[in-house]
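The structure appears below as structure tokens.
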2 protein chains.
Amino acid sequence: MEDTEQGMEHRHAPLPDGVIDVETANVLAERLKMLSDPGRLRMIYALAEVDELCVGDLAASVGSSESATSHQLRQMRLGGLVRARKQGREVFYRIADTHVRQLLEVIAEHFLHGDPEH
Amino acid sequence: MEDTEQGMEHRHAPLPDGVIDVETANVLAERLKMLSDPGRLRMIYALAEVDELCVGDLAASVGSSESATSHQLRQMRLGGLVRARKQGREVFYRIADTHVRQLLEVIAEHFLHGDPEH
DNA sequence: TGAACGTCTGACTTGATATTCATATATTCT
DNA sequence: AGAATATATGAATATCAAGTCAGACGTTCA
């Protein structure tokens, strides 16, 4: 985490400090982290298909407890991935915006029908 | 983690079990997890720019110790994100394949010049 | 050959994350 | 009002990931 001067005799490249600055990397990483859990991933792809699901159904679709699911959903909500709508005693979740939806599409497309290479 | 029968009186949607099966979700999540760390993210985007960098340079570019960096690189290597080439006493890393490179491009594009909505 | 260098590795520590359990709140139904 | 339902929440625990440190290994150089 610090720059102790040792073992960096010669540089091989100009050390690109372009493309992604620290702050952007943080934001991007945080959002990707939300998608880096199998459960959350299945939830959000379920949402991508049906548009709206309540907590109970999401829990069932992932095979996890409703409490655990609620916790996960809160995270995703705070992370701006999903939005909640309360109707009666249940709460329906949906994907937050087109932005997120596009990211999902793009990732799925890439992994699901990308050329087989792994 | 289990299906205790409680609180699932009525279903609101057909519960889509399509798009992403459990196994795919696991694989996809694992790969996304690799990209969900600011350090790894900066490393790999640095690699996307210069094609090849040695451990020392990668460590410097991220501002982290060489040991920590080596650990991270091993993960990324095992995860199939990067490849190593040893030359003399240093080891050069590069992005594993076009597949990965495309994913990076697509993600960057999406976050960097996507429409401002967050 | 021995010293310096670059990288890797394993053990340990620390911090983050996920799940469970118990409980709280709000809503509908009788 | 009271019981049942749906979700949320907090504390406690368990699991996992990241970084550090010390040392190993292979490589170059004097």
Side-chain angles (χ1 to χ4, degrees), chain A residues 1-12 25-26 29-43 52-79 82-94, chain B residues 1-13 25-26 29-43 52-79 82-93:
Chain A
M1 223 193 215
E2 68 317 294
D3 323 24
T4 36
E5 208 67 47
Q6 76 171 211
M8 20 182 295
E9 294 300 295
H10 48 291
R11 184 105 310 135
H12 301 280
N26 289 342
E30 197 180 339
R31 177 151 296 195
L32 287 175
K33 184 167 295 178
M34 282 296 157
L35 298 176
S36 73
D37 172 81
R40 288 194 294 266
L41 209 49
R42 306 232 303 289
M43 278 195 221
E52 207 177 51
L53 284 170
C54 71
V55 179
D57 284 1
L58 280 166
S61 88
V62 159
S64 175
S65 83
E66 314 205 343
S67 177
T69 303
S70 183
H71 279 296
Q72 300 279 36
L73 285 169
R74 185 165 61 94
Q75 277 194 168
M76 294 201 250
R77 182 159 29 86
L78 296 179
V82 300
R83 277 168 25 209
R85 173 180 75 88
K86 180 166 186 178
Q87 180 185 2
R89 55 187 161 192
E90 32 203 355
V91 177
F92 291 90
Y93 283 84
R94 59 169 55 228
Chain B
M1 223 190 213
E2 69 315 296
D3 323 24
T4 35
E5 208 67 47
Q6 77 172 211
M8 23 182 293
E9 294 301 293
H10 48 290
R11 184 106 310 134
H12 301 280
N26 290 341
E30 197 180 338
R31 178 153 293 195
L32 287 174
K33 184 167 293 177
M34 282 297 155
L35 298 175
S36 72
D37 172 81
R40 287 194 294 265
L41 211 48
R42 305 231 304 289
M43 279 195 219
E52 207 178 51
L53 285 170
C54 71
V55 179
D57 285 2
L58 280 166
S61 87
V62 159
S64 175
S65 83
E66 315 205 342
S67 179
T69 303
S70 185
H71 278 297
Q72 300 278 38
L73 286 168
R74 186 166 60 93
Q75 278 195 163
M76 293 201 250
R77 182 159 29 83
L78 296 180
V82 301
R83 277 169 25 209
R85 173 180 75 90
K86 179 165 187 178
Q87 179 184 3
R89 57 188 160 194
E90 34 204 351
V91 177
F92 291 91
Y93 283 86

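To find a chain, count down the sequence lines: A is the first, B the second, and so on, and within it residues start at 1. Side chains are part of it too, since the values below use all heavy atoms of this structure and drop only hydrogens, waters and symmetry mates.
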Polar atom pairs (N or O), protein with nucleotides 8-10 of chain C, under 3.5 Å:
unit_1: dC8(C); atom_1: OP1; unit_2: Tyr93(B); atom_2: OH; d: 2.8
unit_1: dC8(C); atom_1: OP2; unit_2: Ser70(B); atom_2: OG; d: 2.9
unit_1: dT9(C); atom_1: O4; unit_2: Ser67(B); atom_2: OG; d: 2.8
unit_1: dG10(C); atom_1: O6; unit_2: His71(B); atom_2: NE2; d: 2.8

From [atom1] of [X] over to [atom2] of [N], roughly how many Å is that when rounded to an integer?
X	N	atom1	atom2	value
Asp37(A)	dT17(C)	CG	P	11 Å
Leu35(B)	dA17(D)	CG	C1'	16 Å
Phe92(A)	dT7(D)	CZ	P	8 Å
Asp57(A)	dT7(D)	CG	P	8 Å
Gln75(B)	dG19(D)	CD	C1'	12 Å
Glu30(B)	dT17(C)	CD	C1'	17 Å

*Check salt bridge (charged side-chain N to carboxylate O under 4.0 Å, His left out) between Arg85(B) and all other residues, then give those that pass, not counting sequence neighbours.*
Glu52(B)

*Those residues that, when tested against Arg83(A), pass salt bridge (charged side-chain N to carboxylate O under 4.0 Å, His left out) (two or more places apart)*: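 Partners of Arg83(A) under the salt bridge (charged side-chain N to carboxylate O under 4.0 Å, His left out) test: none.
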
In a table with atom names and distances, give each donor-acceptor pair under 3.5 Å that connects a side chain of residues 68-75 of chain A to protein atoms at least two apart or in another chain.
unit_1: Thr69(A); atom_1: OG1; unit_2: Ser65(A); atom_2: O; d: 2.7
unit_1: Gln72(A); atom_1: OE1; unit_2: Arg40(A); atom_2: NH1; d: 2.9

_Distance, nearest 0.5 Å, that separates CG of Asp57(A) from OH of Tyr93(A)_ = 13.5 Å

*Could you work out which one of dA18(D), dT20(C), dA18(C) sits closest to the side chain of Ala68(A)?*
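Selected nucleotide (nearest to the side chain): dT20(C).
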
*For the helix from dT1(C)-dA30(D) to dT30(C)-dA1(D), figure out the bend between the end axes, five pairs an end, and round to 10 degrees.*
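Roughly 10° between the end axes, to the nearest 10°.
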
*What does nucleotides 24-30 of chain D look like as a protein-contact string, B for base, S for sugar-phosphate only, - for none, at under 4.0 angstrom between heavy atoms?*
--SBB--

